[in-house]
Amino acid sequence: MDIVGGFFSLIWWLLFFYILMAPQIQYKQLQLARLRLLKEISDKRNSTVITLIHRQESIGFFGIPIYRFISIEDSEEVLRAIRSAPKDKPIDLIIHTPGGLVLAATQIAKALKSHPAETRVIVPHYAMSGGTLIALAADKIIMDENAVLGPVDPQLGQYPAPSIVKTVEQKGVEKVDDQTLILADIAKKAINQVQNFIYNLLKDKYGEEKAKKLSRILTEGRWTHDYPITVEEAKKLGLDVDTNVPEEVYALMELYKQPVRQRGTVEFMPYSNPQNSNIK
């Protein structure tokens, strides 16, 4: 009985450690697969490839999703990557993000614009808010035909800065409290700061007049903050957008896992020639 009990105890502990370590092992395998594909993209495009991809990755024993946005840690890592890139080689920055800290996005955008060789931002799905700010810094924006950018109007807490300013203007200064007036003052400064930064990003590429127009449109609050600026609309605004996303970028996105779900919400069957199909 002792031998049998010891055997089952060993099996139980092995199973426990497997359950505990399996997610970490799988994650390491994903990282290696990403690195191999990044090298393939780099070799093919003769560029330094950097990724800024924010998705929910299930890591750990309970598979708890980690929600990510552009952070100071991101800017530190991207700036390090840009500094280490050869000055005479292009940079391809693959970006997939809902946005994040203006400070962090501004640092990345400034570093990208300062790179001597060509810089290209590739958007396979979306680059909203701070992601759009970074895209504007590149020499070339490459988007999937269905990808979107977004407005870059500053947000103060839960409120858009342009809406705060507009509210005070509509009600009148004498009808709002001091706290709201202070908030409106900060909102105006935030809008002006972002407008000026975008103008400086774009003036060399588009000229002063067009850069001023674009910086105003993207920050004035004409849309909600999550408004999707499609490829067609971006072109109408005057942005120079290419839609030739490398196929390897889509393969790379497949290696960034979403949270584990009990049941998938989307399934599809790729088309195959019925004459060559074994499915009956």
Side-chain angles (χ1 to χ4, degrees), residues 41 45 49-56 67-70 74 91-102 105-106 108-109 112-113 118-155 160-163 166 191 194-195 197-199 201-203 205-207 209-254 256 258 265-266 268 270:
I41 297 172
R45 295 177 64 81
V49 182
I50 306 170
T51 62
L52 182 60
I53 298 176
H54 292 141
R55 297 184 81 164
Q56 305 167 14
Y67 295 85
R68 303 190 63 196
F69 304 89
I70 301 173
D74 287 328
I91 287 178
D92 283 305
L93 175 58
I94 302 169
I95 187 167
H96 174 87
T97 182
L101 293 178
V102 174
T106 298
I108 295 171
L112 196 65
K113 182 173 175 58
E118 185 181 39
T119 56
R120 304 176 290 241
V121 165
I122 302 174
V123 185
H125 185 52
Y126 77 148
M128 306 297 284
S129 189
T132 298
L133 189 66
I134 294 168
L136 294 173
D139 296 316
K140 183 181 291 185
I141 302 175
I142 305 173
M143 298 171 62
D144 178 83
E145 292 181 354
N146 297 302
V148 296
L149 303 175
V152 290
D153 50 314
Q155 307 294 294
S163 296
K166 186 176 180 180
I191 295 169
V194 176
Q195 276 187 1
F197 185 73
I198 294 174
Y199 166 74
L201 286 179
L202 299 178
K203 65 179 180 178
K205 182 178 180 181
Y206 293 107
E209 184 177 344
K210 189 173 180 180
K212 285 181 180 178
K213 181 181 178 182
L214 283 168
S215 66
R216 185 184 69 254
I217 290 173
L218 292 170
T219 60
E220 67 185 1
R222 66 167 59 185
W223 305 296
T224 59
H225 192 60
D226 61 350
Y227 178 78
I229 299 175
T230 63
V231 170
E232 293 77 15
E233 189 154 12
K235 288 180 177 180
K236 286 180 182 178
L237 291 175
L239 291 173
D240 184 13
V241 177
D242 187 357
T243 55
N244 294 314
V245 175
E247 287 298 323
E248 294 84 358
V249 172
Y250 298 117
L252 180 68
M253 293 302 296
E254 292 290 330
Y256 286 82
Q258 293 283 42
T265 56
V266 177
F268 73 100

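Just so it is clear, the structure is predicted and the values come from calculations on it, not from any experiment. Start at 1 with the first residue, then count along the sequence.
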Enquirer: How far does CD1 of Ile191 sit from CZ of Arg216, to the nearest 0.5 angstrom?
Expert: 13.0 Å

Enquirer: Between Ala135 and Ile141, which heavy-atom pair has the shortest distance, and what is it?
Expert: O-CG1, 3.4 Å

Enquirer: List the atom of Ser129, the atom of Pro98, and the distance in Å for their closest heavy-atom pair.
Expert: CB-O, 4.0 Å

Enquirer: For Lys213, I'd like to know if atom NZ has over 12 heavy atoms of other residues, nucleotides or ligands within 6.0 Å.
Expert: no

Enquirer: Is atom NZ of Lys205 surrounded by more than 12 heavy atoms (other residues, nucleotides or ligands) closer than 6.0 Å?
Expert: yes

Enquirer: Pairing donors with acceptors under 3.5 angstrom, does anything connect the side chains of Tyr206 and Asp240?
Expert: no

Enquirer: Of the options Arg222, His225, Glu220, Gln195, which is the one that meets Asp153 in a side chain to side chain contact (heavy atoms under 4.5 Å, CB included)?
Expert: His225

Enquirer: Tell me whether Lys212 at atom NZ has more than 12 heavy atoms from other residues, nucleotides or ligands lying less than 6.0 Å away.
Expert: no

Enquirer: I need the Trp223 CH2 to Glu233 CD distance, nearest 0.5 Å.
Expert: 5.5 Å

Enquirer: Quick one: OG1 on Thr51 to OH on Tyr256, what's the gap to the nearest 0.5 Å?
Expert: 3.5 Å

Enquirer: What pair of heavy atoms forms the shortest contact from Ile70 to His54, and how long is it?
Expert: N-CE1, 3.2 Å

Enquirer: Of all the heavy-atom pairs spanning Gly100 and Phe69, show the shortest one and how long it is.
Expert: CA-CB, 4.1 Å

Enquirer: Drop me the distance from His96's NE2 to Met253's CE, to the nearest 0.5 angstrom.
Expert: 4.5 Å

Enquirer: Which heavy atom in Pro124 sits nearest to a heavy atom in Asp144, and how many Å separate them?
Expert: O-CB, 3.3 Å

Enquirer: Sequence neighbours left out, what passes side chain to side chain donor-acceptor pair (under 3.5 Å) with Thr132? Give chain and number order.
Expert: none

Enquirer: How about Arg120 and Arg45: do any of their side-chain heavy atoms sit closer than 4.5 Å?
Expert: yes

Enquirer: Could you tell me which residues satisfy side chain to side chain contact (heavy atoms under 4.5 Å, CB included) with Met128, sequence neighbours excluded, listed by chain and number?
Expert: Tyr126, Val148

Enquirer: Are the side chain of Lys140 and the backbone of Asp242 linked by a donor-acceptor contact shorter than 3.5 Å?
Expert: no

Enquirer: Apply the side chain to side chain contact (heavy atoms under 4.5 Å, CB included) test between Ile142 and each candidate in Val121, Thr243, Val245, Val123; give the one that qualifies.
Expert: Val245

Enquirer: Taking atom CD1 of Ile95 and atom CD1 of Ile108, what is their separation to the nearest 0.5 Å?
Expert: 7.0 Å

Enquirer: Lys113 versus Thr119: any side-chain heavy-atom pair under 4.5 Å?
Expert: no

Enquirer: Shortest non-hydrogen contact from Ile229 to Gly150?
Expert: CD1-C, 3.7 Å

Enquirer: Do Leu136 and Leu239 make a side-chain contact, defined as non-hydrogen atoms from C-beta onward lying under 4.5 Å apart?
Expert: yes

Enquirer: Stepwise, does the side-chain contact (heavy atoms from CB on, under 4.5 Å) test hold for Leu133 with Phe197?
Expert: CA-CA 9 Å; Leu133 189 66; Phe197 185 73; 3.9 Å; yes

Enquirer: With side chains defined as the heavy atoms from C-beta onward, is the minimum distance between Ser215 and Leu202 less than 4.5 Å?
Expert: no

Enquirer: Is there a side-chain contact between Leu252 and Glu248 (heavy atoms, below 4.5 Å)?
Expert: no

Enquirer: How long is the gap from CG on Leu52 to CD1 on Ile122, to the nearest 0.5 Å?
Expert: 13.0 Å

